Amino acid sequence: MGDLVARYKRMCGFNVLHPMGWDAFGMPAENAAIEQKVHPAAWTFENIETMKAQLKLMGYSIDWDRELATCKPDYYGQQQALFLDMMAKGLVYRKESSVNWDPVDHTVLANEQVIDGRGWRSGALVEKRKLTQWFFKITAYADELLNELDNLTRWPEKVVLMQKNWIGRSTGAHVTFELVDAKGQDQGSVEVYTTRPDTLFGASFMALAADHPLVGPRAAYDPALAQFVTECRQMATTEAAMQTAEKKGHRLDLFARHPFDRDWLLPVHAANFVLMDYGTGALFGCPAHDQRDLEFARRYDLPVKPVVVPKGMDPAQFEIGAAAFTDDGILANSGFLDGLDVEAGKLAAIAKLESQGNGRGATQWRLRDWGVSRQRYWGCPIPVIHCDACGVVPVPRQDLPVRLPDDATFDVPGNPLDRHPTWKHVPCPKCAKPARRETDTLDTFADSSWYFARFCGQPDDRPLDREACDYWLPVDQYIGGVEHAILHLLYSRFFTRAMRDCGHLDLAEPFASLFTQGMVTHQTFKDKDGNWLYPEQVRLEQGGAVTIKDGEFVTVGGVEKMSKSKRNVVAPETIVDTYGADTARWFVLSDTPPDRDIEWTDAGIDGAWRFTQRVWRVISENISLAGAVAIRPQGDMGNADLALRRAAHKAIQAVTADIDAFHFNRAVARLYEYTNALQSGLGAEGISATVIREALETLVLLIAPMMPHLAEECWAGLGHDTLVADAAWPSFDASLTREDSVTVGIQINGKRRAEIDLPTDAPEDVVREMVLAQDRVIKLLEGKPVRKIIVVPNRIVNVVV
RNA sequence: GCCCCAGUGGCGGAAUGGUAGACGCGGCAGACUCAAAAUCUGUUGCCUUCACGGGCGUGCUGGUUCGAGUCCGGCCUGGGGCACCA
């Protein structure tokens with residue numbers, strides 16, 4: 001798909017940069033090292049070689065001079081330089097944060113490695129453990145990242161929306177609640193964040209995160225609370241899990257004074273649905289108007305008092321059942337807020353809080369800073385040194401890159417860098433006393449957050465070639481899987497701004513136009529022991545599937561994105577071996593709209609193969625009839641000439657528009673149509689040689705971006721001594737693309753009943769006359785009076801009786 | 001749970017609110033052939049009719065409109081996203 005665009009744009013006269021690189025760090029290589037006892041580097045470079053060979057086999061027009069791999073020191077060393085720049089700018093910091101910890105394997109787990117709360121390899125119950133970790137301050141750009149989404153007009157709306165939700169700006173208030181114990185003794189205060197200050201009079205409890213600073217000390221003398229906190233730590237913290245889990249809590253020996261009524265005391269609970277990472281880690285519960293709070297209140301028999309009532313309803317009649325009322329309405333039972341709508345109520349509540357000094361309006365972001373520490377080997381080492389005397393010291397620039405040691409071991413659990421016998425022991429760059437390297441590596445999303453800029457130019461002494469970036473960036477057309485809609489694209493937008501503020505380039509948005517292609521999916525298969533099987537190992541039979549080797553029963557799994565780990569892949573070589581690269585390229589483009597997922601099947605590839613043959617035949621059989629190179633048709637022409645020229649120019653018009661709109665499957669259909677027209681048109685009497693040449697060359701030029709090898713062969717056959725890849729994309733003559741007459745459907749009362757041939761763009765009154773004069777129309781109308789005639793030019797005529 | 005997207009022949013899919021099913025696959029029939037393959041031609045949404053024609057039809061259900069696959073409301077089913085996979 002990308003190659004088609006690159007070749008097409010090149011033919012249109014653009015200077016095209018079409019590079020390829022390898023995002024090569026990450027867990028798959030480390031898993032392979034553990035499972036297959038191969039070094040991650042060896043495994044990675046072997047895969048790169050295989051994939052590169054596959055890409056070359058397909059004939060992609062890639063500029064291999066710019067190839068890069070993120071796992072090579074010349075790339076990650078420059079990334080370390082960027083890290084130091086960002087550190088100097090205050091965009092990097094350390095703080096405590098929790099990770100999934102496998103207590104048996106002594107290793108940090110990714111969320112995908114935690115299955116039902118247990119480690120995927122060890123099966124041990126996973127714990128949350130606090131580690132001091134590195135963070136990129138992406139929240140410094142939260143406003144900018146959100147606001148500029150609206151200027152990304154050439155991005156899919158879906159992706160823009162997903163990013164907006166991810167950044168998640170909300171407005172509300174911070175409210176301070178004073179705390180007292182059961183005897184009424186002062187116990188300080190706690191701040192909560194709420195998006196619904198208007199519902200404060202409906203409050204019936206306060207809830208704190210299990211990790212809230214007020215909870216820990218109380219767990220020390222309350223074993224049941226300690227138990228509850230442990231449970232919360234073992235709970236999955238994804239949003240989906242938080243919202244679907246049963247709402248549970250534990251009562252604390254604290255009460256919160258209501259901010260509008262000091263004598264009104266709310267019970268305080270620790271609760272499993274409150275996240276320490278969001279807001280202040282504390283909230284007030286208003287069960288009548290929040291579903292989570294309602295479930296919690298029902299479980300613990302807390303009051304449910306409605307304070308927002310649907311418009312026009314009597315507050316006395318309004319009751320909350322199983323569902324909280326979250327729509328707009330009129331405030332009631334709320335003292336000074338009574339009678340206001342939700343929006344006005346929020347403003348009035350905030351104004352009152354501010355005048356009392358126990359609250360203020362606030363904006364809250366769902367976006368959190370980007371935690372980039374990974375306790376793994378196969379990633380970019382974080383270039384800092386920890387010294388007992390000097391603290392955290394950046395590695396001096398001249399010492400970059402900090403290289404990964406080649407002799408790491410993977411046979412024991414834990415971080416290979418941390419347990420390496422020598423690697424981390426270095427002198428402090430400041431005081432020269434013994435110190436330790438940072439053993440965390442960077443999240444691999446960092447690697448892919450700036451590679452597009454490195455493609456523009458790859459200087460040895462700095463991350464980017466600023467002039468080259470000015471020339472090439474932003475990327476005019478970015479094509480990637482929809483699975484990158486949030487993280488990769490957001491991190492790249494952040495990195496670009498960070499690099500801008502560090503003076504490496506002058507740009508905020510890296511990708512001017514984005515196209516998200518669908519995923520290629522395939523059915524999955526497992527043998528009786530639960531091992532994944534390749535499709536070529538399986539034979540489908542009536543009522544099930546068996547292995548080809550020994551006929552054993554096979555479990556047919558779901559249709560999923562092709563991935564090596566699930567073995568549901570089809571190697572492109574197989575298709576290229578049988579049909580050739582051009583047929584494979586054509587087939588991939590032919591059927592499915594490119595933004596939709598496709599389930600891989602080779603049903604239909606015969607059509608692509610036949611088409612390849614037909615193109616070759618129609619060109620080679622007619623070369624001898626074609627006129628000389630470079631002579632265009634002109635002057636008077638017969639009907640046959642005109643018909644063929646029309647077909648050619650219509651094809652140019654349609655294919656150009658379809659490629660511009662990324663409707664490649666339609667472009668393919670137009671080319672099938674044109675080839676049909678060409679074959680019958682060439683058979684007509686009295687075709688001129690110049691017209692034959694134009695018609696044949698048009699076909700070759702139009703297929704050139706899709707089937708480059710065949711197109712070159714045909715182009716040479718037609719007598720050219722230059723490459724069709726360097727030829728200009730054809731333009732069409734508008735006078736040849738419009739027809740003299742059109743067939744228009746006739747509707748009677750909206751139902752299609754007849755049709756009529758009309759001159760193109762005939763005036764409306766002529767159309768009316770011709771339609772009403774048609775025998776069939778007269779018969780169908782049975783003399784009924786015509787009330788109205790709607791004429792849609794060149795489309796349809798609707799007669800209303 | 002929340003947010004978003006999709007649903008059209010046997011299949012992949014076309015269709016600026018204007019002739020639903022372009023194009024391809026598959027099927028059927030025919031030509032060529034001793035035969036097969038390849039190739040070519042015709043045909044192919046469903047029901048009904050000897051035929052002309054008629055009826056139905058874009059997940060279900062209401063609505064807007066001269067006209068709805070397309071716009072709006074409600075529902076059903078499938079898929080995606082929801083912070084350490086990349």
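The analysis underlying the following values was restricted to heavy atoms, covering all of them including side chains, and did not include hydrogens, waters or symmetry mates. Convention: sequence-line order gives letters A, B, ...; per-chain numbering from 1. Just so it is clear, the model here is predicted, and its values are computed rather than measured.
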Note: for A/S373 and A/G745 on RNA chain B, the residue whose nearest nucleotide lies more 5' is A/G745

With a non-hydrogen cut-off below 4.0 angstrom, is A/T743 in contact with a base, only sugar-phosphate, or nothing? base

- Message: Do the side chains of A/R738 and A/D761 get close enough for a salt bridge, i.e. N-O under 4.0 angstrom?
- Response: yes

In whole angstroms, the gap separating P of B/G13 from CZ of A/F587 amounts to 11 Å

Whole-Å distance, A/I167 CD1 to B/C3 P, equals 19 Å

- Would you call A/E673 and A/K650 a salt bridge, taking side-chain N to carboxylate O under 4.0 Å as the test? no

Practice item. Under 4.0 Å between any heavy atoms, over every strand shown, what does A/N665 touch: base, sugar-phosphate, or nothing? Just pick one. Key: sugar-phosphate

Taken to the nearest whole Å, CG/A/L589 to P/B/G13 is 15 Å

Atom OH of A/Y674 and atom P of B/G24 are separated, to the nearest Å, by 16 Å

*Below 6.0 angstrom between ring centroids: does that apply to A/F452 and A/F511?*
yes

Which of B/A14, B/G18, B/U39 is nearest the side chain of A/P593? It is B/A14

Of the listed B/A86, B/C56, B/C23, the closest approach to the A/K751 side chain comes from B/C56

Taking Watson-Crick and G-U wobble contacts under 3.5 angstrom, with | marking pairs to another strand and [ ] crossing pairs, the secondary structure of RNA chain B is written (((((((..(((.....[....)))((((((.......))))))((((....))))..(((((..]....))))))))))))....

For the P atoms, the ones on B/G69 and on B/G21, what distance do you get once it is rounded to whole angstrom?
12 Å

**Study point:** Short side-chain donor-acceptor distance under 3.5 Å, A/Y579 and A/D606
**Key:** yes

With the side chain defined as heavy atoms from C-beta on, A/L161 is closest, among B/C4, B/G53, B/G26, to B/C4

Between CD of A/Q653 and P of B/U16 the distance, given in whole Å, is 15 Å

B/C60 and B/G9, which share atom name P, separated by this distance in whole Å
10 Å

Please check if the distance between the ring centroids of A/Y75 and A/W450 is under 6.0 Å.
yes

Ranking B/G81, B/C85, B/C23 by distance to the side chain of A/M27, first place goes to B/C85

B/G24 phosphate, OP1 or OP2: any side-chain N/O from A/S590 under 4.0 angstrom?
no

Of the listed B/C23, B/C84, B/G13, the closest approach to the A/V99 side chain comes from B/C84

Testing B/A86, B/G18, B/G13 for proximity to the side chain of A/P28, the answer is B/A86

*asked:* Tell me whether the side-chain N/O atoms of A/R753 come closer than 4.0 Å to OP1 or OP2 in B/G55.
replied: yes

Check your understanding: Can A/E764 and A/R768 be counted as an ion pair, charged N to O under 4.0 angstrom?
Key -> yes

Do A/R292 and A/L283 make a side-chain contact, defined as non-hydrogen atoms from C-beta onward lying under 4.5 Å apart?
yes

**Report entry** Touch class at under 4.0 angstrom, heavy-atom based, for A/I746 against every strand present
**Finding:** nothing

Short side-chain N/O contact from A/R610 to OP1 or OP2 of B/C25, under 4.0 Å: yes

With no hydrogens and no angle check, do the side chains of A/W134 and A/E438 hold a donor and an acceptor under 3.5 Å apart?
-> yes

message = What's the gap between B/C50 and B/U65 when it is taken at their C1' atoms, as a whole Å value?
response = 41 Å

Side-chain atoms of A/R617 come closest, of B/G26, B/U39, B/C66, to B/U39

Walking RNA chain B from its 5' end, the first of A/G607 and A/G750 to be reached, judged by nearest nucleotide, is A/G607

Inset, instruction - Could you measure between the two C1' atoms, the one in B/C71 and the one in B/U58, and give it in whole Å? - result: 16 Å

Out of B/C3, B/G18, B/G26, minimum distance to the side chain of A/N165 belongs to B/C3

Against the side chain of A/E673, the closest entry in B/A22, B/U16, B/A86 is B/A22

Atom P, compared across B/A68 and B/C56: separation rounded to whole Å:
13 Å

Residue-phosphate contact under 4.0 Å: A/K164 side-chain N/O, B/G81 OP1/OP2: no

(request) Ignoring hydrogens and angles, answer whether the base of B/C4 and the side-chain atoms of A/E157 contain a donor-acceptor pair closer than 3.5 Å. (result) no

*Determine the interatomic distance between C1' on B/A20 and the same-named atom on B/G30; round to the nearest Å.*
30 Å

From OH of A/Y579 across to P of B/C25 the rounded distance in Å is 12 Å

- A/I790 near the nucleic acid: base, sugar-phosphate alone, or nothing, with a heavy-atom cut-off under 4.0 Å? base

Looking at every strand, decide which applies to A/W166 at a 4.0 Å heavy-atom threshold: base, sugar-phosphate, or nothing.
base

Counting any heavy atom closer than 4.0 Å, what does A/Q679 reach on the DNA or RNA strands: base, sugar-phosphate only, or nothing? nothing

**Asked** Do the charged groups of A/K137 and A/D369 touch, with an N to O distance under 4.0 Å?
**Response** no

Q.
Using the P atom as the point on both nucleotides, what is the distance between B/G62 and B/U39, in whole Å?
A. 49 Å

* Check whether any side-chain N or O of A/N676 sits under 4.0 Å from OP1 or OP2 of B/G24, and answer yes or no. => yes

Notebook entry, point to check: Do the ring planes of A/F136 and A/F83 sit parallel (below 30°), tilted (30 to 60°) or perpendicular (above 60°)?
Noted result: tilted

Classified by glycosidic angle (syn within 90° of 0, else anti), B/G24 comes out anti

Integer angstrom distance from the P of B/G18 to that of B/C11: 26 Å

Looking only at B/C66, B/C84, B/U16, the nucleotide nearest the A/R795 side chain is B/U16

May I ask you to decide whether A/D150 forms a salt bridge with A/K164, counting only side-chain N to carboxylate O separations under 4.0 Å? yes

When rounded to whole Å, the CZ to C1' distance for the pair A/R614 and B/G24 reads 11 Å

For this session: Using a 4.0 Å heavy-atom cut-off across all strands, classify A/F445 as base, sugar-phosphate, or nothing.
Result: base

